[in-house]
Amino acid sequence: LINTKNIITYIACNLRFLHSLKEIKKIISQQRINEINVYCGSYLPDWRPDTDYRSTYSAIPELGGGVHIDLIHEIDYIYWLFGAPIASKSFFCNKSSLGIRAYDYANYLLEYQDFNSSIIPNYYRRDYKRTLEILTDNHTYLVDLAKNNISRDGTVIFSSDQKIIDTYECQMEYFLECIKHNNSSFNTIKVANEILKICLK
(Lines give C-alpha, C1' and ligand atoms only; values in the text may rest on other atoms or scores of the structure.)
Protein backbone atom coordinates (compact mmCIF):
# COMPACT_ATOMS: atom_id res chain seq x y z
CA LEU A 1 0.00 0.00 0.00
CA ILE A 2 2.86 2.36 0.83
CA ASN A 3 4.53 1.64 -2.51
CA THR A 4 1.25 2.02 -4.39
CA LYS A 5 0.60 5.40 -2.83
CA ASN A 6 4.28 6.42 -3.22
CA ILE A 7 4.52 7.41 0.46
CA ILE A 8 7.90 8.60 1.75
CA THR A 9 8.97 6.53 4.75
CA TYR A 10 11.88 6.75 7.14
CA ILE A 11 12.35 4.28 10.01
CA ALA A 12 13.93 6.16 12.90
CA CYS A 13 17.32 4.56 13.56
CA ASN A 14 19.16 7.57 14.90
CA LEU A 15 22.66 6.08 15.19
CA ARG A 16 23.06 6.56 11.45
CA PHE A 17 23.48 10.24 12.32
CA LEU A 18 26.22 9.77 14.92
CA HIS A 19 29.35 11.59 13.74
CA SER A 20 31.76 8.75 14.55
CA LEU A 21 29.72 6.23 12.54
CA LYS A 22 29.42 8.61 9.61
CA GLU A 23 33.19 9.16 9.73
CA ILE A 24 34.11 5.46 9.94
CA LYS A 25 31.90 4.84 6.91
CA LYS A 26 34.22 7.14 4.93
CA ILE A 27 37.44 5.80 6.46
CA ILE A 28 36.85 2.14 5.67
CA SER A 29 35.21 2.61 2.27
CA GLN A 30 38.37 1.58 0.36
CA GLN A 31 39.84 -0.86 2.87
CA ARG A 32 39.85 -4.66 2.97
CA ILE A 33 37.92 -5.80 6.05
CA ASN A 34 38.65 -9.09 7.81
CA GLU A 35 36.41 -8.99 10.88
CA ILE A 36 33.80 -6.85 12.64
CA ASN A 37 32.76 -7.01 16.29
CA VAL A 38 29.84 -5.03 17.68
CA TYR A 39 29.02 -4.83 21.37
CA CYS A 40 26.38 -2.95 23.32
CA GLY A 41 26.02 -3.59 27.02
CA SER A 42 23.85 -1.45 29.29
CA TYR A 43 21.87 -1.89 32.50
CA LEU A 44 18.12 -2.06 31.97
CA PRO A 45 17.19 -0.82 35.50
CA ASP A 46 19.04 2.44 34.70
CA TRP A 47 17.03 3.07 31.53
CA ARG A 48 13.98 4.40 33.38
CA PRO A 49 15.14 5.14 36.95
CA ASP A 50 11.70 6.10 38.31
CA THR A 51 10.02 2.91 37.05
CA ASP A 52 10.30 -0.73 38.04
CA TYR A 53 12.12 -2.13 35.01
CA ARG A 54 10.26 -5.44 35.37
CA SER A 55 6.99 -3.70 34.53
CA THR A 56 8.25 -1.92 31.40
CA TYR A 57 7.70 -3.20 27.86
CA SER A 58 11.42 -4.06 27.61
CA ALA A 59 11.00 -6.84 30.17
CA ILE A 60 7.79 -8.31 28.74
CA PRO A 61 7.91 -10.35 25.49
CA GLU A 62 4.20 -9.87 24.76
CA LEU A 63 4.73 -6.08 24.67
CA GLY A 64 7.59 -6.33 22.21
CA GLY A 65 10.30 -6.45 24.84
CA GLY A 66 13.74 -7.96 24.53
CA VAL A 67 17.26 -6.67 24.04
CA HIS A 68 17.32 -7.95 20.45
CA ILE A 69 14.49 -5.56 19.55
CA ASP A 70 15.42 -2.64 21.83
CA LEU A 71 18.97 -2.62 20.46
CA ILE A 72 18.14 -3.36 16.83
CA HIS A 73 20.14 -0.18 16.18
CA GLU A 74 23.36 -2.24 16.22
CA ILE A 75 22.10 -4.45 13.39
CA ASP A 76 20.76 -1.40 11.58
CA TYR A 77 24.03 0.49 11.45
CA ILE A 78 25.96 -2.59 10.33
CA TYR A 79 23.42 -3.03 7.53
CA TRP A 80 23.81 0.68 6.69
CA LEU A 81 27.61 0.48 6.67
CA PHE A 82 28.06 -2.83 4.85
CA GLY A 83 24.76 -3.74 3.23
CA ALA A 84 22.76 -6.94 3.48
CA PRO A 85 24.61 -10.02 4.74
CA ILE A 86 24.72 -13.25 2.76
CA ALA A 87 23.44 -15.16 5.77
CA SER A 88 22.81 -14.66 9.47
CA LYS A 89 22.48 -16.74 12.61
CA SER A 90 21.29 -15.72 16.06
CA PHE A 91 21.05 -16.90 19.64
CA PHE A 92 18.84 -15.41 22.39
CA CYS A 93 18.53 -16.12 26.10
CA ASN A 94 17.70 -14.60 29.51
CA LYS A 95 20.02 -16.13 32.09
CA SER A 96 21.07 -13.01 34.00
CA SER A 97 20.01 -11.97 37.50
CA LEU A 98 17.56 -9.38 36.12
CA GLY A 99 14.71 -11.84 36.49
CA ILE A 100 12.81 -10.87 33.35
CA ARG A 101 11.07 -13.08 30.78
CA ALA A 102 12.23 -11.11 27.76
CA TYR A 103 15.61 -11.88 26.26
CA ASP A 104 18.41 -10.00 28.03
CA TYR A 105 21.20 -11.33 25.78
CA ALA A 106 21.51 -11.79 22.04
CA ASN A 107 24.31 -12.94 19.79
CA TYR A 108 24.27 -12.50 16.02
CA LEU A 109 26.67 -13.69 13.36
CA LEU A 110 26.32 -11.98 10.01
CA GLU A 111 28.18 -13.45 7.05
CA TYR A 112 29.46 -11.21 4.26
CA GLN A 113 31.45 -12.09 1.14
CA ASP A 114 34.89 -11.30 2.62
CA PHE A 115 34.29 -11.08 6.38
CA ASN A 116 31.98 -11.91 9.27
CA SER A 117 30.39 -9.60 11.81
CA SER A 118 29.40 -10.52 15.35
CA ILE A 119 26.85 -8.41 17.23
CA ILE A 120 26.25 -8.81 20.97
CA PRO A 121 23.73 -6.67 22.90
CA ASN A 122 22.75 -7.20 26.54
CA TYR A 123 20.60 -5.61 29.27
CA TYR A 124 22.77 -6.37 32.31
CA ARG A 125 26.12 -4.57 31.94
CA ARG A 126 26.51 -2.01 34.75
CA ASP A 127 29.19 0.08 33.03
CA TYR A 128 27.71 1.17 29.71
CA LYS A 129 29.76 0.09 26.72
CA ARG A 130 28.87 0.56 23.06
CA THR A 131 31.57 -0.19 20.50
CA LEU A 132 32.25 -1.14 16.91
CA GLU A 133 35.57 -2.83 16.15
CA ILE A 134 36.73 -3.19 12.56
CA LEU A 135 39.82 -5.22 11.66
CA THR A 136 41.25 -4.38 8.24
CA ASP A 137 44.38 -5.70 6.53
CA ASN A 138 46.48 -2.92 8.05
CA HIS A 139 44.69 -1.48 11.06
CA THR A 140 42.27 -2.06 13.90
CA TYR A 141 39.61 0.64 14.21
CA LEU A 142 37.57 1.03 17.37
CA VAL A 143 34.50 3.26 17.30
CA ASP A 144 33.34 4.18 20.81
CA LEU A 145 29.75 5.24 20.26
CA ALA A 146 29.31 6.42 23.87
CA LYS A 147 32.30 8.76 23.56
CA ASN A 148 31.69 9.42 19.85
CA ASN A 149 35.29 8.88 18.85
CA ILE A 150 37.40 6.62 16.65
CA SER A 151 40.74 5.02 17.49
CA ARG A 152 43.15 3.47 15.01
CA ASP A 153 45.55 0.97 16.55
CA GLY A 154 44.92 2.53 19.96
CA THR A 155 45.33 6.18 18.95
CA VAL A 156 42.30 8.49 18.74
CA ILE A 157 42.01 9.86 15.19
CA PHE A 158 38.51 11.35 15.37
CA SER A 159 36.39 12.85 18.13
CA SER A 160 33.09 14.73 18.31
CA ASP A 161 31.26 16.61 21.05
CA GLN A 162 27.94 15.40 19.65
CA LYS A 163 25.91 13.28 22.07
CA ILE A 164 23.72 10.37 21.01
CA ILE A 165 20.67 12.34 22.15
CA ASP A 166 21.59 15.01 19.56
CA THR A 167 21.07 12.52 16.74
CA TYR A 168 17.30 12.57 17.24
CA GLU A 169 17.12 16.17 16.08
CA CYS A 170 19.48 15.40 13.18
CA GLN A 171 17.29 12.58 11.92
CA MET A 172 14.12 14.67 12.23
CA GLU A 173 15.72 17.42 10.14
CA TYR A 174 16.75 14.80 7.59
CA PHE A 175 13.24 13.34 7.36
CA LEU A 176 11.65 16.80 6.99
CA GLU A 177 14.07 17.50 4.12
CA CYS A 178 13.00 14.24 2.47
CA ILE A 179 9.37 15.33 2.75
CA LYS A 180 10.12 18.86 1.58
CA HIS A 181 11.98 17.73 -1.55
CA ASN A 182 9.95 14.55 -2.14
CA ASN A 183 13.04 12.36 -1.82
CA SER A 184 13.15 8.74 -0.69
CA SER A 185 15.01 8.21 2.60
CA PHE A 186 18.01 5.95 3.18
CA ASN A 187 16.04 3.79 5.62
CA THR A 188 12.70 3.09 4.01
CA ILE A 189 10.15 0.72 5.46
CA LYS A 190 11.32 -1.87 2.90
CA VAL A 191 14.95 -1.67 4.08
CA ALA A 192 13.89 -1.66 7.73
CA ASN A 193 11.78 -4.76 7.17
CA GLU A 194 14.86 -6.63 5.93
CA ILE A 195 16.76 -5.54 9.05
CA LEU A 196 13.86 -6.64 11.24
CA LYS A 197 13.95 -10.08 9.63
CA ILE A 198 17.61 -10.43 10.67
CA CYS A 199 16.74 -9.20 14.16
CA LEU A 200 13.97 -11.73 14.73
CA LYS A 201 15.49 -14.70 12.91
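- Atoms OH and CG, on Tyr79 and Asn187 in that order, are 9.5 Å from each other to the nearest 0.5 Å.
- Salt-bridge annotation for Asp50 and Arg48: absent, with no side-chain N of the basic residue lying under 4.0 Å from a carboxylate O of the acidic one.
- Applying the ring pair (Phe, Tyr, Trp, His ring centres under 6.0 Å) rule to pairs touching residues 38-66 yields Trp47-Tyr123, sequence neighbours excluded.
- We find the OH-CD1 distance between Tyr124 and Ile100 to be 11.0 Å, quoted to the nearest 0.5 Å.
- Alongside Ile2, the hydrophobic cluster contains Ile7, Ile11, Ile189 (criterion: ILVMFWY side chains under 4.5 Å).
- Here the closest heavy-atom approach between residue Lys129 and residue Thr131 is recorded as CE-OG1, 3.9 Å.
- The aromatic rings of Phe92 and His68 sit tilted relative to each other, their planes meeting at an angle between 30° and 60°.
- For Cys199 against Ile72, the heavy-atom pair with the smallest separation is CB-CD1, 3.8 Å.
- The CG atom of Asn14 sits 5.5 Å away from atom NE2 of His73, with the distance rounded to the nearest 0.5 Å.
- Counting all heavy atoms, side chain and backbone alike, Ser55 lies closest to Thr51 at OG-CG2, 3.9 Å.
- Distance check: Asn149 CG to Leu142 CG gives 8.0 Å after rounding to the nearest 0.5 Å.
- Salt bridge absent: Glu111 and Lys89 never bring a charged side-chain N and a carboxylate O closer than 4.0 Å.
- For the atom pair NZ (Lys22) and CG (Leu81), the distance works out to 12.5 Å, reported to the nearest 0.5 Å.
- Under a 4.0 Å N-O distance rule, the pair Arg16/Asp76 qualifies as a salt bridge.
- Rounding to the nearest 0.5 angstrom, the gap separating the CG atom in Leu110 from the NZ atom in Lys201 is 9.0 Å.
- Closest approach of Leu15 to Tyr77, counting heavy atoms only: CD1-CD2, 4.0 Å.
- Checked by atom type, the side-chain pair His19/Asn148 shows no donor-acceptor distance below 3.5 Å.
- With hydrogens and angles left out, the side-chain atoms of Asn122 and Asp104 include no donor and acceptor closer than 3.5 Å.
- Looking only at atom types and distance, the side chain of Tyr141 has a donor-acceptor partner in the side chain of Gln31 under 3.5 Å away.
- Below 30°, between 30° and 60°, or above 60°: for Phe91 and Tyr105 the angle between ring planes is above 60°, a perpendicular geometry.
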